[in-house]
Each structure stands twice: as C-alpha cells, then as structure tokens.
Amino acid sequence: MLRQSSIIGITAAVILLLVRVGYSKDLRTVTEPKTPQNCTTLKATSGDDTKTIQNALDTCTKGKAVKLSSGTFYSGPLTIPSGISLLVDSGATLKALPDPSLYDMGEETCGTIDKYGVGCKPFITIRDASGSGIYGKGTIDGQGQKKMTGKTESWWQLANNANRSTVQNAPRLLQINNSADITLYQITLQNAPFYHVVSSRTNGLTVWGVTIYAPPSSRNTDGIDPSGYNITIAHCNISTGDDDVAIKAKIAPARHISVLNNHFGKGHGMSIGSEITYGVSDVTVSGLTLDGATYGLRIKSNSYRGGLVTGVTYTNVCMHNVQQPILLDTRYENYLTGNLTPQFHDVTFTNVKVLTAGTFTFNGFSDSKPVQATMEDVHIKKGSKWITKYAKITGTWAEDVTGTLCGYAGNE
Ligand SMILES: *[C@@H]1O[C@H](CO)[C@@H](O)[C@H](O)[C@H]1NC(C)=O
Ligand SMILES: *[C@@H]1O[C@H](CO)[C@@H](O)[C@H](O)[C@H]1NC(C)=O
Ligand SMILES: *[C@@H]1O[C@H](CO)[C@@H](O)[C@H](O)[C@H]1NC(C)=O
Ligand SMILES: *[C@@H]1O[C@H](CO)[C@@H](O)[C@H](O)[C@H]1NC(C)=O
Ligand SMILES: *[C@@H]1O[C@H](CO)[C@@H](O)[C@H](O)[C@H]1NC(C)=O
C-alpha cells in the first residue's frame with residue numbers, strides 16, 4: 001500500500017512538473033508573421049506628414065497596411081486603428097517630431113519634469129484593437145537625442161534631470177493597451193524619448209525579428225516592457241540604455257510569456273519587475289545571448305511594487321561581458337517601501353553559460369520569504385562573486401566555463 005501510494009505520489013509530481021514546464025510559455029502557436037498587403041502607399045513630403053498618415057490609417061481596409069515607401073516622414077502622435085497595420089518599408093524612416101506641444105495631454109507638462117511623468121501621449125498608440133501591427137524593414141525613430149522644439153535640451157537630457165522624486169514627461173515610442181493579436185515584425189525602433197514598446201492588458205502580442213536600439217547613456221529607454229497574456233518576443237536584437245526587456249504586472253497580471261532566440265547588446269538585460277503587484281508567472285526565456293549588458297537575468301522588486309513571480313525558466317543562455325549575470329533582488333530601489341511582499345519562487349536556470357566573471361546575487365525578502373531557485377548545468381567564470389541572503393538554491397553550478405564567444409543564439 002505504502003509503496004503504491006508513493007509511486008502514485010511521484011507520478012503525480014512528474015505530471016505536475018510536465019504540466020508546469022509545458023505551460024510556462026505563450027499558449028498560442030506562434031509562427032513567423034506575414035506582412036499584410038498595402039491598402040495605400042505614401043511618399044514622404046519632408047514636411048509634417050501626421051495628417052496624411054493618420055488619414056490613411058483611418059481609411060485603410062481592415063487586414064491591410066498603410067505603407068510608407070521611401071524617404072523620411074516626420075510626424076506627431078499617431079493611432080493605429082483596430083485591424084490596420086503600419087508598414088515602414090526598407091529605406092523609409094518615420095521620425096517623431098520633437099515638439100512637446102504635439103504630445104501634450106492638456107496640462108502643458110509634456111517636455112517638463114514633475115512628480116507624475118504622465119503628461120505626454122505616446123508617439124504611436126494601439127488601443128482597444130485586434131489584429132493591428134507594425135511591419136517592414138524600415139525604421140521608426142523617436143529622436144530622443146534631438147533638442148525639443150522651443151526648449152534648450154533634448155528628451156534624454158530632460159530624463160537626466162529627473163531624480164528620485166521626479167519623473168520626465170516624455171513620449172513612449174509605442175503603447176499597446178487593451179488589445180489582442182498585435183504583431184511587430186522586422187521593424188527597427190530606435191532612440192525613443194522614453195520606453196520603446198509597452199503593452200498593458202494585452203492578450204496576444206508577437207514581436208518577431210525586431211531591432212531596438214538606443215545608446216547606453218540614454219536613460220529609461222527600455223526596449224520592450226510587456227504586460228498581459230500570451231506574449232512572444234523572438235529573434236530580436238535589442239541594445240538600449242535601460243532594460244532590454246522588462247516584464248511588468250503593475251495593473252494586471254503578466255502570464256504565459258516566451259522570450260525566444262534573442263540577442264541583447266548593451267542595457268539592463270532580461271528583467272522581470274520591478275512592478276509585479278498583480279503577479280508574473282509562466283515565463284520561458286530560451287536561446288538568449290547577451291554581450292556587454294550591465295545585468296543579465298534579473299528579477300527585481302521591493303515592498304512598494306511587490307507581488308509573486310513564479311514559474312520562470314531560463315534555458316540556453318550565454319553571456320559575455322555582463323557585470324551582474326544573475327540578480328534576484330527583493331530589495332531593489334529600497335527607498336520605495338510599502339506593505340507588499342516580493343516573492344520569487346520556482347525560478348529555474350538550465351544550461352546557462354557566463355563567459356566572463358561577474359556578480360551573482362540572490363537577495364530574498366526574509367528568512368520565511370526566501371528567493372527559491374534551481375540550477376542545472378550552470379557554468380560560470382572563475383573569480384565570479386556569489387552573494388546570497390535569504391535564498392534557497394537547489395542544484396549545482398560550477399566555475400568551469402571556457403571559451404570567449406557566445407554566437408548569436410537563433411538571431412540572424
Ligand atoms: C492564451 O492563448 C490560448 C491559446 O490560444 C488561449 O486558449 C487562452 O485563452 C489565451 N489566454 C488568455 C488569457 O486569453
Ligand atoms: C502596394 O505596394 C506596391 C509596391 O510598392 C505598389 O506597387 C502597389 O501599387 C501598392 N498598392 C497600393 C494599393 O498602394
Ligand atoms: C529633484 O529635483 C528637483 C528639481 O527638479 C528638486 O527640487 C528636488 O529637491 C530634487 N529631489 C531630490 C531627492 O534630489
Ligand atoms: C495605457 O494604459 C495605461 C495603464 O492603464 C495608462 O496609464 C495609459 O494612459 C494608457 N495609454 C494610452 C495611450 O491609452
Ligand atoms: C544588432 O543590431 C546592431 C545595431 O544596433 C548591429 O550592429 C548588429 O550587427 C545586430 N546583430 C545582429 C545579430 O543582428
């Protein structure tokens with residue numbers, strides 16, 4: 001009897017584990033996106049093209065795309081309607097005009113610093129939409145480095161003036177809210193005045209073969225900050241001045257997220273947090289290479305933004321020149337305190353190679369709320385620093401890595 005029930009117990013545990021592994025990802029079947037046909041083709045005028053582009057988007061047939069064919073387009077804020085896409089062809093660039101008054105939300109705070117930082121509209125908004133996207137081998141440029149119209153500084157200089165108690169009012173490059181089945185394919189996004197791509201309450205987001213670039217000195221230029229369900233980020237090349245990817249759960253949960261075969265250059269790496277109040281779970285990061293990032297795999301929160309992060313799997317990751325390859329920190333920006341408890345459970349590192357010495361930190365919340373992680377096939381460089389506090393780490397790792405090249409994972 002006893003024997004049988006323990007066999008049943010083990011079988012149940014194995015099935016549970018398989019279910020957990022099987023579901024810790026985007027639940028959709030995601031394949032390489034196909035660029036929609038164009039409903040119209042626009043040519044740049046070198047003047048302000050906002051009205052022309054917005055009108056084309058508003059009158060396009062559902063399922064089709066407005067194509068920007070060549071040259072440099074200048075525009076203020078744009079909204080991509082439900083079912084419509086924007087296609088920026090190779091050789092075409094869409095630049096965000098650096099005039100704060102175009103993005104202002106009505107309080108005349110866009111382009112200034114205040115306590116809230118919510119005074120600007122995004123450059124591109126996708127809201128309450130289904131089946132919209134941005135495609136093409138062209139570029140969307142936020143011009144974060146450009147001096148703001150009527151001001152003496154650029155969006156990025158403004159960001160540098162903000163401090164612990166203030167926030168810059170600067171536009172995000174792309175905001176996706178309350179939407180479903182959204183696609184970003186092949187496009188290059190660069191030099192956002194603030195974050196590049198943010199999704200909120202979005203169900204079904206595919207970011208595939210996208211390049212995101214901002215210089216390492218540009219503050220808060222996060223690459224992709226996804227939140228929602230069923231999200232895939234694949235074959236992207238991201239280098240920024242802040243988190244390359246940061247999964248967040250500030251106003252709703254973030255679950256079933258796959259981050260597959262990407263390459264990150266400079267920036268703050270692959271992050272979860274710090275806003276995790278509604279919980280982050282079922283995340284798979286696989287086939288990631290990082291070269292030159294400040295952080296590698298990071299989960300960060302504090303008692304002001306805390307919540308539960310669980311079911312996170314990192315597999316086949318290689319890092320080179322990363323200062324802090326793994327950092328699980330429940331006391332991030334610890335000047336922000338509240339009564340939420342950041343807890344990180346069921347975090348697994350499998351086949352992780354770190355080719356250069358760095359600092360590995362596991363900083364749990366308390367003795368009764370430790371961070372829990374499992375290591376399998378983790379190889380790091382001799383001379384690395386290992387810091388643990390309130391941490392339960394199972395499995396093994398070894399300071400035995402050799403070689404100096406990661407390659408580019410699945411990224412071409
Ligand atoms: C995620 O995708 C799966 C498969 O398409 C679907 O069944 C599920 O409802 C989606 N999740 C949510 C929260 O919509
Ligand atoms: C779509 O793009 C192609 C190639 O640029 C062009 O030949 C065609 O006229 C466009 N169709 C429309 C409806 O604009
Ligand atoms: C932040 O900057 C503002 C001016 O922009 C200044 O009044 C305030 O004292 C600064 N706060 C901190 C914490 O440095
Ligand atoms: C998107 O949603 C967030 C969170 O509710 C909100 O703060 C933001 O204003 C929304 N942005 C747009 C462009 O709708
Ligand atoms: C990634 O993008 C950078 C430019 O930002 C480029 O120099 C590099 O070659 C790209 N790498 C890959 C693998 O595409």
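Along the sequence shown, residues are numbered consecutively beginning with 1. In listed order, ligands and their atoms are each counted from 1.
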Chemist: Does one side chain, of Ser101 or Asp99, offer a donor that lies under 3.5 Å from an acceptor on the other?
Modeler: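 Note: Ser101 and Asp99 side chains meet the donor-acceptor criterion.
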
Chemist: We want to know whether Thr348 and Thr374 form a side-chain donor-acceptor pair, criterion being a heavy-atom distance below 3.5 angstrom.
Modeler: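 Result is no, nothing qualifies.
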
Chemist: Any protein heavy atom under 4.0 Å from atom 9 (O) of ligand 1?
Modeler: no

Chemist: Heavy-atom contacts with Cys39 under 4.0 Å: which atoms of ligand 2 show up? List them by number with element.
Modeler: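 Checking each atom against Cys39, I get 13 (C).
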
Chemist: Between Asn230 and ligand 1, which residue portion shows a heavy-atom distance shorter than 4.0 Å: side chain, backbone, both, or neither?
Modeler: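 Only the side chain of Asn230 comes within reach of ligand 1.
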
Chemist: If you draw the axis of the six-membered ring of Phe123, does the NZ or CZ of Arg172 fall within 45° of it and under 6.0 Å from the ring centre?
Modeler: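 No, a cation-pi geometry is absent between Arg172 and Phe123.
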
Chemist: Find all atoms of ligand 4 within a distance of less than 4.0 Å from any non-hydrogen atom belonging to Gln175, and give their numbers and elements.
Modeler: 1 (C), 11 (N)

Chemist: For Glu107, does the CD atom have more than 12 heavy-atom neighbours from other residues, nucleotides or ligands under 6.0 Å away?
Modeler: no

Chemist: Would you mind checking which non-hydrogen protein atom is closest to atom 6 (C) of ligand 4, with the distance to 0.1 Å?
Modeler: Asn177 ND2, 4.2 Å

Chemist: Is the shortest heavy-atom distance from the side chain of Arg298 to the side chain of Tyr332 under 4.5 Å?
Modeler: yes

Chemist: Check whether any side-chain heavy atom of Ile380 sits under 4.5 Å from a side-chain heavy atom of Trp386, and report yes or no.
Modeler: yes

Chemist: Could you label the plane-to-plane angle of the Tyr135 and Tyr185 rings as parallel, tilted or perpendicular, counting under 30° as parallel and over 60° as perpendicular?
Modeler: perpendicular

Chemist: Give me the nearest non-hydrogen protein atom to atom 4 (C) of ligand 1 as residue plus atom name, then the distance to 0.1 Å.
Modeler: Leu27 O, 3.6 Å

Chemist: Starting from atom 14 (O) of ligand 4, find the nearest protein heavy-atom neighbour and note its residue, name and distance.
Modeler: Arg127 NH1, 2.9 Å

Chemist: Can you report which non-hydrogen protein atom sits closest to atom 5 (O) of ligand 4, along with the distance?
Modeler: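 Scanning the protein heavy atoms, the shortest distance from atom 5 (O) of ligand 4 goes to Ile251 CD1, 3.4 Å.
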
Chemist: Is atom 2 (O) of ligand 4 close to the protein, meaning a heavy atom under 4.0 Å from it?
Modeler: yes

Chemist: Is any N or O atom of Asn203, backbone or side chain, closer than 3.5 Å to an N or O atom of ligand 1?
Modeler: yes

Chemist: Of the backbone atoms (N, CA, C, O) and the side-chain heavy atoms from C-beta on, which set of Thr40 has a member under 4.0 Å from an atom of ligand 2: side chain, backbone, both, or neither?
Modeler: backbone

Chemist: Please could you name the atoms of ligand 2 that Lys67 approaches to less than 4.0 Å, counting only its heavy atoms?
Modeler: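 Those of ligand 2 that fall under 4.0 Å from Lys67 are 2 (O), 3 (C), 4 (C), 5 (O).
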
Chemist: With a 4.0 Å cut-off on heavy atoms, does Arg28 reach ligand 1?
Modeler: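 Heavy atoms of Arg28 do come under 4.0 Å of ligand 1.
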
Chemist: Is it true that the side chains of Asp48 and Thr50 contain a donor and an acceptor less than 3.5 Å apart?
Modeler: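 Per modelled atom types, Asp48 and Thr50 side chains form a pair under 3.5 Å.
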
Chemist: Can you sort out which atoms of ligand 2 are near Asn38, meaning under 4.0 Å from one of its heavy atoms?
Modeler: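 Going through ligand 2 atom by atom, the ones under 4.0 Å from Asn38 are 1 (C), 2 (O), 3 (C), 8 (C), 10 (C), 11 (N), 12 (C), 13 (C), 14 (O).
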
Chemist: Side chains of Asn351 and Asn316 only: does a donor on one sit below 3.5 Å from an acceptor on the other?
Modeler: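 Distance-only check passes for Asn351 and Asn316.
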
